[in-house]
Student: 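Here you go, one structure.
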Amino acid sequence: MKEVNSNVQISTSVFGNPTEAIDLKNQNWTEWIEKGYLDFISPMAYLDFPDAVKDEVENMVDNYGQVNNYAGISP
């Protein structure tokens, strides 16, 4: 495997729900985190209701806090 410059951070925008991310977008970001591929993620919490946005972002931080989360929101 090719080594990456340690000064460069790797991130991606992801569907917040891991199952939907895999099923709809082929994003297995939970595995990418586990393997250390990502330095941070940007969950796309583009939902219709503010409470749903809050729940989605809280879920990401509570369950996938081993990397930083910079949420994209659209309440």
Side-chain angles (χ1 to χ4, degrees):
M1 184 158 119
K2 187 174 179 180
E3 223 175 284
V4 177
N5 182 331
S6 62
N7 294 320
V8 175
Q9 291 196 334
I10 306 296
S11 70
T12 190
S13 297
V14 298
F15 266 31
N17 179 302
T19 303
E20 289 180 1
I22 291 171
D23 292 345
L24 301 175
K25 296 294 181 181
N26 202 27
Q27 298 176 332
N28 194 351
W29 55 262
T30 56
E31 181 179 318
W32 303 339
I33 290 171
E34 289 172 10
K35 291 187 174 188
Y37 296 161
L38 300 173
D39 297 299
F40 65 94
I41 56 176
S42 297
M44 296 178 286
Y46 305 151
L47 303 163
D48 293 333
F49 302 100
D51 285 342
V53 172
K54 177 184 145 308
D55 292 343
E56 183 98 340
V57 172
E58 281 181 351
N59 177 57
M60 295 295 293
V61 172
D62 291 347
N63 293 296
Y64 308 101
Q66 62 268 43
V67 296
N68 289 326
N69 288 263
Y70 299 100
I73 61 171
S74 179

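Please read all numbers here as calculations on a predicted model, not as lab measurements.
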Student: Considering non-hydrogen atoms only, spot the tightest contact between Lys25 and Phe15 and give its length.
Tutor: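 Shortest heavy-atom separation between Lys25 and Phe15 comes out as CE-CZ, 3.6 Å.
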
Student: Can you measure from CZ (Phe40) to CD (Gln66) and round to the nearest 0.5 angstrom?
Tutor: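 Reported value, rounded in 0.5 Å steps: 15.0 Å.
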
Student: So do the side chains of Thr12 and Leu38 get within less than 4.5 Å of each other, counting heavy atoms only?
Tutor: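 They are in side-chain contact.
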
Student: Can you tell me how far CD1 of Ile41 sits from CD1 of Ile10, rounded to the nearest 0.5 angstrom?
Tutor: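 If we round to the nearest 0.5 Å, Ile10:CD1 and Ile41:CD1 are 14.5 Å apart.
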
Student: Is there a chain of hydrophobic side chains (I, L, V, M, F, W, Y, each step under 4.5 Å between heavy atoms) that links Met44 to Val53?
Tutor: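 No, no single cluster joins them.
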
Student: Treating Ile, Leu, Val, Met, Phe, Trp and Tyr as nodes and any side-chain heavy-atom pair under 4.5 angstrom as an edge, say whether Trp32 and Ile22 lie in one connected cluster.
Tutor: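 Not linked; separate clusters.
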
Student: State the OH-CE distance between Tyr70 and Met60, to the nearest 0.5 angstrom.
Tutor: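 It comes to 13.5 Å.
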
Student: Considering non-hydrogen atoms only, spot the tightest contact between Trp29 and Gly16 and give its length.
Tutor: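 Smallest interatomic distance, heavy atoms only, reads CZ2-O, 3.5 Å.
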
Student: State, yes or no, whether a side-chain contact exists between Glu31 and Tyr37 at a heavy-atom distance under 4.5 Å.
Tutor: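 Side-chain contact under 4.5 Å: no.
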
Student: Do Asn69 side-chain atoms and Ala71 backbone N/O form a donor-acceptor pair below 3.5 Å?
Tutor: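 Absent.
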
Student: Nearest 0.5 angstrom please: Asp51 CG to Glu58 CD, how far?
Tutor: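 Spacing of CG (Asp51) from CD (Glu58) equals 9.5 Å.
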
Student: Is it the case that one hydrophobic cluster holds both Tyr46 and Leu24, taking links as side-chain heavy atoms less than 4.5 Å apart, direct or via other members?
Tutor: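 Yes, because Tyr46 and Leu24 connect within a single hydrophobic cluster, where side-chain heavy atoms sit under 4.5 Å apart.
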
Student: State whether the number of non-hydrogen atoms from other residues, nucleotides or ligands found under 6.0 Å of Asn63 atom CG is greater than 12.
Tutor: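 Atom CG in Asn63 is crowded, with more than 12 foreign heavy atoms closer than 6.0 Å.
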
Student: Specify the closest pair of heavy atoms between Glu56 and Ala45, including all atoms of both residues, with the distance to one decimal.
Tutor: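 Scanning both residues completely, I find the closest heavy atoms to be CG-CB, 4.1 Å.
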
